[in-house]
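All values reported here derive from a predicted model rather than from experimental measurement. Throughout, protein chains are lettered first and strands after them, A, B, ... in sequence-line order, and every chain is numbered starting at 1.
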Protein chains: 2
Amino acid sequence: MAQSDTVDRILDAAEELFADRGFSETSLRMITSKAKVNLAAVNYHFGSKNALIHAVFARFLTPFSATLESAFNDLEQRCDGHPPTLNQTLWALTESAVRMPQRNEQGISIFMRLLGLAYTQSQGHLRKFLEQEYSQPFSRFMRLLKDATPQLSAVDRYWRIQFMLGATAFTMSSSDALRDILQNKLGVETTVQEIAARLVPFLAAGMQAQDTMLMPSFSEAPVA
Amino acid sequence: MAQSDTVDRILDAAEELFADRGFSETSLRMITSKAKVNLAAVNYHFGSKNALIHAVFARFLTPFSATLESAFNDLEQRCDGHPPTLNQTLWALTESAVRMPQRNEQGISIFMRLLGLAYTQSQGHLRKFLEQEYSQPFSRFMRLLKDATPQLSAVDRYWRIQFMLGATAFTMSSSDALRDILQNKLGVETTVQEIAARLVPFLAAGMQAQDTMLMPSFSEAPVA
DNA sequence: CTGTGTCTCAAACGTATGTTTCAAACAGAC
DNA sequence: GTCTGTTTGAAACATACGTTTGAGACACAG
């Protein structure tokens, strides 16, 4: 058989359309028309729309989780028994993402947006799929975070991790639009790497904020 | 005329269903069935599904923006010429949201999730509607942020505001699911107020992070 | 009571969706 | 060339959607 590229064309089109419009808002006909492929090909090759969504994630996430595993291995080896710091852990993740071989210049940006959508759109099947398939690197990252922030209570750490996730997913998912705005307003060019370089210190500082303030106060001094 | 409560019943049901499932994933038939109202009533009273979405936002956002304006007025008056601090500004926003009169016990939680969805779901009409109707309090908040972080360059501040926005929108948009997970994993109940109380210090610390690190380093000392 | 405008109701309309069907085209094995 | 399993193609399927329709119910003013 010709080992056709139909599957990849569908995945490429689906990835981009899902990132642009969300899952429910993207129809199979949009995908097959963008991919210049027959409508029935999706159900033939993937079985269902949900399975296609899973395949889009798997195509990126499977090699990425391998890259991430080895980055964590390197990190722990260098630290020689000591737990890696928060900055080191965050950078290991960031570098693994940025260094992934990319199909196009958007690459990581598209996928970050997809990950954000996976969390915000209530696609139960997707969350279940991701948890089942990629629990290992996720758990490992969580454990590294825990060891890097022993001063935090479990609840504090849980929420701050969600905050980090949100800042990252949101920013990366709309990084193209945000870069354009910055270009127009301040005349500054920005790369994804530079965004990451600004994001990591923000996250690290937030993660290590001194105390959880439970009441507002107007008599406080400026924090910094 | 009987001054029917159909309109409010529709708004209540729509608000809750939108928050649970997103906009595209919620059909008018779900809404009218939950509201125990005839299907045609939606188009009769609101004109279209999009107009209903706008009405759901307007019902909360119009009184909220008034509350916010007066909170900012109070804040600036107390500060007597000095620019309010970052913490004060963030708390003014948070408290205005939390103190809004609420229709039910969920209240602010539901609406936070809606606001998050408004950012993450690419509903062009919604974003346009919100920008047109509520640009003033938004601009004012941005100016307060600028005055509260004079040490930041315009570019740094721009990105860090995006990070804050992301952490907030993302967390709030999935706060129900996140609360459930926390409940199951650690057996902890959480209110939106508590989430906000954890979020604000995280944001303030990130906003005031000392330096933007441009390269990863393995020889660094732990930050805190 | 009659008339009028407001509102509800069941039913239908047109369109779009995900999925299925089945014949045709194709590639490689023999 | 012929056969066999794989892939494509155009069309149809059943279902769900947002929206519209027109008749009826209701409250109230005259």
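The phosphate of C:dT17 (OP1 or OP2) has a side-chain N or O of A:S27 nearer than 4.0 angstrom. An OP1 or OP2 oxygen of C:dT8 is reached within less than 4.0 angstrom by a side-chain nitrogen or oxygen of B:H45.
One atom, CZ of A:F23, and another, P of C:dT17, lie 17 Å apart when rounded to the nearest Å. If you take NZ of B:K36 and C1' of C:dC7, they are 20 Å apart, rounded to a whole angstrom. For the pair A:Y44 OH and C:dG18 C1', the interatomic distance rounds to 19 Å; values are reported in whole Å. One atom, CG of B:D8, and another, P of C:dC7, lie 13 Å apart when rounded to the nearest Å. C:dT17 atom P lies 14 Å from atom CD1 of A:I53, rounded to whole Å. To the nearest angstrom, C1' of C:dT17 lies 15 Å from CG of A:L52. The interatomic distance linking B:K49 (NZ) with D:dT19 (P) rounds to 8 Å, in whole Å. In this entry the distance linking CZ of B:R21 with P of D:dC17 reads 9 Å, nearest Å.
Within the nucleic acid shown, A:T32 has no heavy atom closer than 4.0 Å to any nucleic acid atom. Among the protein residues, A:T26 comes within range of the sugar-phosphate backbone only, with heavy atoms under 4.0 Å from sugar or phosphate atoms but none that close to a base.
When the nearest nucleotides of DNA chain C are assigned to B:R29 and A:N38 by heavy-atom distance, the more 5′-ward of the two goes with B:R29.
Aromatic pair A:F57/A:F111: ring centres closer than 6.0 Å. Between A:F138 and A:Y134, the ring center distance fails the sub-6.0 Å criterion.
For B:A40, the listed nucleotide lying nearest its side chain is D:dT21; candidates were D:dT19, D:dT6, D:dT21. The side chain of B:N43 lies closest to D:dT19, out of C:dC9, D:dT19, C:dT19. Distance from the side chain of A:M30 is smallest to C:dT17 among C:dT17, C:dC7, D:dT7. The nucleotide whose nearest atom lies closest to any side-chain atom of A:L28 is, among C:dT19, C:dT8, D:dC17, C:dT19.
A pairwise comparison of heavy atoms in B:L144 and B:E76 identifies CD2-OE2, 3.5 Å as the closest pair.
Using modelled atom types, one finds no donor on one side chain facing an acceptor on the other under 3.5 Å when comparing A:S153 with A:Y158. The closest side-chain donor-acceptor pair between B:S24 and A:E25 falls under 3.5 angstrom.
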